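No experiment lies behind these values; they were computed from the predicted model shown. The chain is numbered in sequence order, starting from 1.
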Amino acid sequence: PPSAAANLRPGAEQKVVFITARVHPGETPSSFVCQGIIDFLVSQHPIAKVLRDHLVFKIAPMLNPDGVYLGNYRCSLMGFDLNRHWANPSPWAHPTLHGVKQLIIEMYNNPKINLEFYIDIHAHSTMMNGFMYGNIFEDEERFQRQAVFPKLLCQNAEDFSYSSTSFNRDAVKAGTGRRFLGGLLNDTSYCYTLEVSFYSYVLGGPTSTVPYTEEAYMKLGRNVARTFLDYYRLNSLVERPLAPTPKTR
């Protein structure tokens, strides 16, 4: 349709942000964060309109639907921790991972698509705040570039902690989405795990902890979405409402 955003026209180059959540069924906060991202992106908010014009968001909000349905904490129906099977997912035993991975590889092999971000949303049972895990690279410049998004998110979200954000490559995490896709995709793609606390975040001093609510999780999601505006420096494109005229005395 003529009204389609320029980035959706046939043959247009696309910058893709791929977001997944709920690979661990017990980590319910991840669904609220993802809901916040989705609700914001499809809204009429001026920032959302700019993001839709410049980026393509692909979102798989629940990677482990059977585990969620059964009330499992970490496993799928067949007893797999899906977040350890990205390297070689079976279409029979890990169908959601298999489908998502095929889609990501198709996009990666398409010269018209730049898969720029992969973010997998989880919840953490012992740490507070929101924070991220990233990958370790030998290339110092790539390592520095990877830190940009979490630093910008930290400026936008009062509950996001850059000090808890860490970059690692421990062997036990090798089958996770972040680690596997970080190794598969090229150096213009950034892969993160976004973790959010099950219970609280800290504001200011260590004594002022604030319990998370569903709304606070969704707000973190909205702030993740907004951060792409800063990352791509699209702020000048947002139509700002006219400032109210000051009331004269």
Side-chain angles (χ1 to χ4, degrees), residues 6-7 12-21 23 33 37 41 47 50-59 83 86-87 100-101 103-122 124 127 129-196 220-221 223-238:
N7 60 357
E13 286 218 353
Q14 295 183 354
K15 287 187 167 86
V16 173
V17 174
F18 207 108
I19 296 170
T20 57
V23 73
V33 175
I37 293 174
L41 289 175
I47 290 177
V50 170
L51 292 175
R52 291 195 300 264
D53 282 344
H54 286 83
L55 301 166
V56 174
F57 289 87
K58 303 267 185 191
I59 302 176
N83 207 34
W86 279 94
V100 166
K101 183 178 167 181
L103 180 58
I104 286 175
I105 289 173
E106 266 172 45
M107 289 194 296
Y108 177 64
N109 290 330
N110 182 335
K112 287 286 188 187
I113 294 179
N114 292 322
L115 185 52
E116 308 233 322
F117 280 89
Y118 171 75
I119 299 175
D120 189 28
I121 310 173
H122 287 251
H124 205 285
M127 289 174 70
N129 295 65
F131 57 95
M132 282 177 141
Y133 293 128
N135 294 317
I136 287 182
F137 304 109
E138 304 303 335
D139 175 3
E140 179 63 24
E141 194 229 346
R142 184 180 182 190
F143 190 69
Q144 299 292 343
R145 288 201 315 264
Q146 183 186 219
V148 172
F149 188 87
K151 281 179 176 168
L152 291 171
L153 179 54
C154 193
Q155 291 167 17
N156 288 335
E158 59 182 8
D159 57 321
F160 184 83
S161 163
Y162 186 74
S163 60
S164 295
T165 290
S166 64
F167 304 95
N168 64 55
R169 54 167 159 213
D170 21 331
V172 70
K173 299 288 181 75
T176 65
R178 159 186 65 91
R179 278 287 303 282
F180 177 73
L181 294 168
L184 170 78
L185 306 175
N186 62 25
D187 63 0
T188 57
S189 306
Y190 298 104
C191 298
Y192 304 96
T193 302
L194 172 62
E195 294 272 2
V196 62
L220 177 60
N223 285 327
V224 168
R226 285 165 179 268
T227 300
F228 288 104
L229 190 82
D230 302 327
Y231 183 85
Y232 289 103
R233 300 195 174 126
L234 299 171
N235 305 61
S236 59
L237 301 176
V238 177

| note | Looking only at heavy atoms, the pair that brings Ala225 and Leu41 closest together is CB-CD2, 4.1 Å
| said: Any side-chain to backbone donor/acceptor pair from Lys101 onto Gly177? Under 3.5 Å, distance only. | reply: no
| said: For a quick test of reading the model, state the closest non-hydrogen atom pair linking Ile19 to Phe57 and the distance between them. | reply: CD1-CD2, 4.4 Å
| query | Side-chain donor-acceptor pair under 3.5 Å between Asn83 and Thr176, yes or no? | reply | no
| field | Side chains of Thr20 and Asp120, donor plus acceptor under 3.5 Å | value | yes
| query | What closest approach, in Å, do Phe137 and Gly182 show between heavy atoms, and which atom pair accounts for it? | reply | CE2-O, 4.4 Å
| What are the two closest heavy atoms between Ser189 and Leu115, and how far apart are they? | OG-O, 2.6 Å
| Side chains of Glu138 and Phe143 in contact at under 4.5 Å (non-hydrogen atoms) | no
| request: Flag the pair Val148 / Tyr231 as yes when at least one side-chain heavy-atom distance between them is below 4.5 Å, and no otherwise. | output: yes
| message | Please evaluate residues Gln14 and Met107 with respect to the criterion side-chain contact (heavy atoms from CB on, under 4.5 Å), reporting the C-alpha separation (whole Å), side-chain torsions for both, the decisive distance (0.1 Å), and the verdict. | response | CA-CA 10 Å; Gln14 295 183 354; Met107 289 194 296; over 6 Å; no
| query | Is there a donor-acceptor pair closer than 3.5 Å between any side-chain N or O of Asn109 and the backbone N or O of Ile105? | reply | yes
| field | Nearest-0.5 Å distance that lies between atom CD1 in Ile104 and atom CZ in Phe180 | value | 9.5 Å
| For the student: nearest non-hydrogen atoms of Ala147 and Pro150, plus distance | O-CD, 3.4 Å
| Under the side-chain contact (heavy atoms from CB on, under 4.5 Å) criterion, do Val100 and Trp86 qualify, and how do the steps go? | CA-CA 10 Å; Val100 166; Trp86 279 94; 3.7 Å; yes
| Point-to-point distance, once rounded to the nearest 0.5 Å, from CG of Leu152 to CG of Asp230 | 5.5 Å
| field | Contact check, side chains of Arg226 and Leu153, non-hydrogen atoms, under 4.5 Å | value | no
| query | Rounded to the nearest 0.5 Å, what separation is found between the OG atom of Ser164 and the NE2 atom of His124? | reply | 9.0 Å
| task | Report the C-alpha separation of Tyr192 and Tyr118 in whole Å, then their side-chain angles, then the decisive distance to 0.1 Å, and conclude whether the side-chain contact (heavy atoms from CB on, under 4.5 Å) test is met. | result | CA-CA 6 Å; Tyr192 304 96; Tyr118 171 75; over 6 Å; no
| query | Met132 versus Thr193: any side-chain heavy-atom pair under 4.5 Å? | reply | no
| query | Is the backbone of Gly130 close enough, under 3.5 Å, to the side chain of Ser161 for a donor and an acceptor to pair up by distance? | reply | no
| said: Under 3.5 Å, is there a donor on one side chain and an acceptor on the other for Tyr133 and Arg179? | reply: no
| request: May I ask you to test the Phe160-Thr165 pair for a side-chain heavy-atom distance under 4.5 Å? | output: yes
| field | Separation of Lys151 NZ from Tyr162 OH (nearest 0.5 Å) | value | 4.5 Å
| said: Among Glu140, Glu141, Arg142, Gln146, which residue satisfies the side-chain hydrogen bond (donor to acceptor under 3.5 Å, both in side chains) criterion with Gln144? | reply: Glu140
| request: Enter the distance from Leu194:CG to His122:NE2 here, rounded to the nearest 0.5 Å. | output: 9.5 Å
| Can you list the steps and then say if Tyr190 with Glu116 is a side-chain contact (heavy atoms from CB on, under 4.5 Å)? | CA-CA 6 Å; Tyr190 298 104; Glu116 308 233 322; over 6 Å; no
| said: For Phe18 together with Phe117, are the ring centres under 6.0 Å from each other? | reply: no
| remark: Closest heavy-atom pair, Ile37 versus Ile121, reported as atoms and distance to 0.1 Å, is CD1-CD1, 3.9 Å
| From Phe228 atom CZ to Leu234 atom CG, the distance as rounded to the nearest 0.5 Å | 11.5 Å
